[in-house]
Number of protein chains: 2
Amino acid sequence: MSVRTPDALISTCRENGLRATKSLRAILDLLCENDAPLSIQQCAEQSTELAAADTVTLYRLFERLEGVGIVRRIGLHERAAHYVLADALRHRHFVCCTRCGKVEPLDHHCTIGHLEEHVAEDSGYTNLYHELVFYGVCPACGRN
Amino acid sequence: MSVRTPDALISTCRENGLRATKSLRAILDLLCENDAPLSIQQCAEQSTELAAADTVTLYRLFERLEGVGIVRRIGLHERAAHYVLADALRHRHFVCCTRCGKVEPLDHHCTIGHLEEHVAEDSGYTNLYHELVFYGVCPACGRN
DNA sequence: ATACCTGCAAAGTCTTTGCCTTAGG
DNA sequence: CCTAAGGCAAAGACTTTGCAGGTAT
């Protein structure tokens, strides 16, 4: 669907009144490189730029990005919220290890899309999107 | 699959060393009556018995029930965790309103089950189960 | 210059842990 | 009786809010 380069996303942000700060760029770069959802803490671990920023700032940035529709907050079982590019979520599903918490993207094709129409009809809900996550024990944890 | 009456579940609990306390019965009764996932707070609101119990007790009860495999904790977008009968989750999916947070069960047939085999092969994960949630704006919220 | 953004401090919500008492089997 | 479960207090993790000063446009 839409473009997913950091630059294109920055443009969208600016069109929506957000300012192109260093932290914003850093977050978008990180999200574009990562297929799997990231928590705020993981973001800080994976980017010096973001590690230097106040946690509160990261929360607020994701809040804005979610408002603009660029990222989606997803509810994995861990305590902390995780964020993914909204775009990625549309085409992709994840496996999450119930022991170590690792989250990996699956590359099978999304066959749920067409279900959304039925769900919309049956439930009367609008603006639907879905979230499909598989939970299990990853190979590494299974060996122990 | 398995039986889902409170009594049957109590038996499973006892086989696993749990004691049949009032709170345990109350939780199982509540879960059996409810198709949708419930948070700890909702449990307390919907049962005088559970409202009287300490919140910590409810956390611990759900922890045990999860350990025994009777309930599953699911990560909706709200801050608080929600719990459903593991059995219900296997056959059922939900719609969740992004505005008011309402969660409703869908009655379409689960077509994901067979995907689990593929996922298992591709990813090497074992003991797979899945969680499919649709998010959107419910009819009531849509009118405002 | 103006509006948005950041950092810092503090409060809020959800969850977990420890210890002692109570009660189920 | 023995051991799991409950209650109470306190700590911990994650998130939100308010305000003053800094920065992008």
Side-chain angles (χ1 to χ4, degrees), chain A residues 6-7 9-28 37-45 47-68 70-83 98 101 103, chain B residues 6-7 9-28 37-45 47-68 70-83 98 101 103:
Chain A
D7 283 345
L9 293 173
I10 292 268
S11 302
T12 309
C13 287
R14 306 218 31 211
E15 286 160 18
N16 283 275
L18 303 202
R19 292 187 175 174
T21 61
K22 281 191 176 183
S23 308
L24 180 65
R25 289 179 202 281
I27 283 192
L28 292 176
L38 294 171
S39 67
I40 298 252
Q41 195 186 324
Q42 290 172 323
C43 287
E45 286 165 1
S47 148
T48 348
E49 187 65 49
L50 297 179
D54 192 313
T55 311
V56 176
T57 299
L58 302 186
Y59 277 105
R60 289 197 267 231
L61 276 170
F62 276 115
E63 193 179 24
R64 289 169 205 144
L65 286 171
E66 198 179 12
V68 173
I70 287 183
V71 308
R72 206 109 75 188
R73 177 176 183 161
I74 82 168
L76 297 166
H77 290 184
E78 325 230 316
R79 287 271 284 292
H82 283 62
Y83 300 85
T98 49
V103 183
Chain B
D7 284 344
L9 292 174
I10 292 268
S11 303
T12 309
C13 287
R14 303 219 32 212
E15 286 160 17
N16 284 275
L18 303 203
R19 292 183 176 179
T21 62
K22 282 190 175 182
S23 308
L24 179 64
R25 288 177 203 282
I27 283 193
L28 293 175
L38 294 171
S39 67
I40 299 252
Q41 193 185 325
Q42 289 172 324
C43 288
E45 285 166 2
S47 149
T48 348
E49 188 65 50
L50 296 179
D54 192 312
T55 312
V56 176
T57 299
L58 302 186
Y59 277 106
R60 290 199 264 229
L61 275 170
F62 275 115
E63 195 179 23
R64 290 169 204 144
L65 286 171
E66 199 179 10
V68 174
I70 286 181
V71 307
R72 205 109 75 188
R73 177 177 183 160
I74 81 168
L76 297 166
H77 289 185
E78 326 230 314
R79 285 273 284 290
H82 283 62
Y83 300 85
T98 49
V103 184

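Note on naming: letters A, B, ... go to the chains in the order of the sequence lines (proteins, then strands), and numbering restarts at 1 for each one. The model shown is predicted, which means the values in this text are computed figures rather than measured ones.
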Considering just the side-chain nitrogens and oxygens of [X], establish if one lies under 4.0 Å of OP1 or OP2 belonging to [N].
X: A/T21; N: C/dT6; answer: yes
X: B/R73; N: C/dC14; answer: no
X: B/Y59; N: C/dT16; answer: no
X: A/R14; N: C/dC4; answer: no
X: B/T57; N: D/dA5; answer: no

Is it the case that C/dT13 (base atoms only) and B/R79 (side chain only) share a donor and an acceptor within less than 3.5 Å, ignoring hydrogens and angles?
yes
Between the base of C/dG24 and the side chain of B/R25, is there a donor-acceptor distance below 3.5 Å?
no
Using whole Å, report how far [atom1] of [X] lies from [atom2] of [N].
X: B/H82; N: C/dT15; atom1: NE2; atom2: P; value: 10 Å
X: A/L58; N: D/dA13; atom1: CG; atom2: C1'; value: 16 Å
X: B/L24; N: D/dA5; atom1: CG; atom2: P; value: 9 Å
X: B/L18; N: D/dA5; atom1: CG; atom2: C1'; value: 10 Å
X: B/D54; N: C/dG18; atom1: CG; atom2: C1'; value: 14 Å
X: A/R60; N: C/dC8; atom1: CZ; atom2: C1'; value: 10 Å
X: B/L61; N: D/dA4; atom1: CG; atom2: C1'; value: 11 Å
X: A/L76; N: D/dC14; atom1: CG; atom2: C1'; value: 15 Å

Identify the two heavy atoms, one from A/R19 and one from A/L24, that lie closest to each other, and give their separation to 0.1 Å.
O-CD2, 3.5 Å
On DNA chain C, more 5' by nearest nucleotide between B/R19 and A/S23 is A/S23
Answer whether the closest heavy-atom distance between the side chains of [X] and [Y] falls below 4.5 Å.
X: A/R60; Y: A/E63; answer: yes
X: A/I10; Y: A/R14; answer: yes
X: A/I27; Y: A/C43; answer: no

Looking at A/S39, is its backbone amide N or carbonyl O close enough to the side chain of A/Q42 to form a donor-acceptor pair, meaning the two atoms are under 3.5 Å apart?
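Yes; at least one donor-acceptor contact below 3.5 Å.
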Let's see if you can work this out: which of D/dG6, C/dT6, D/dC14 has an atom nearest to the side-chain heavy atoms of A/A80?
D/dC14
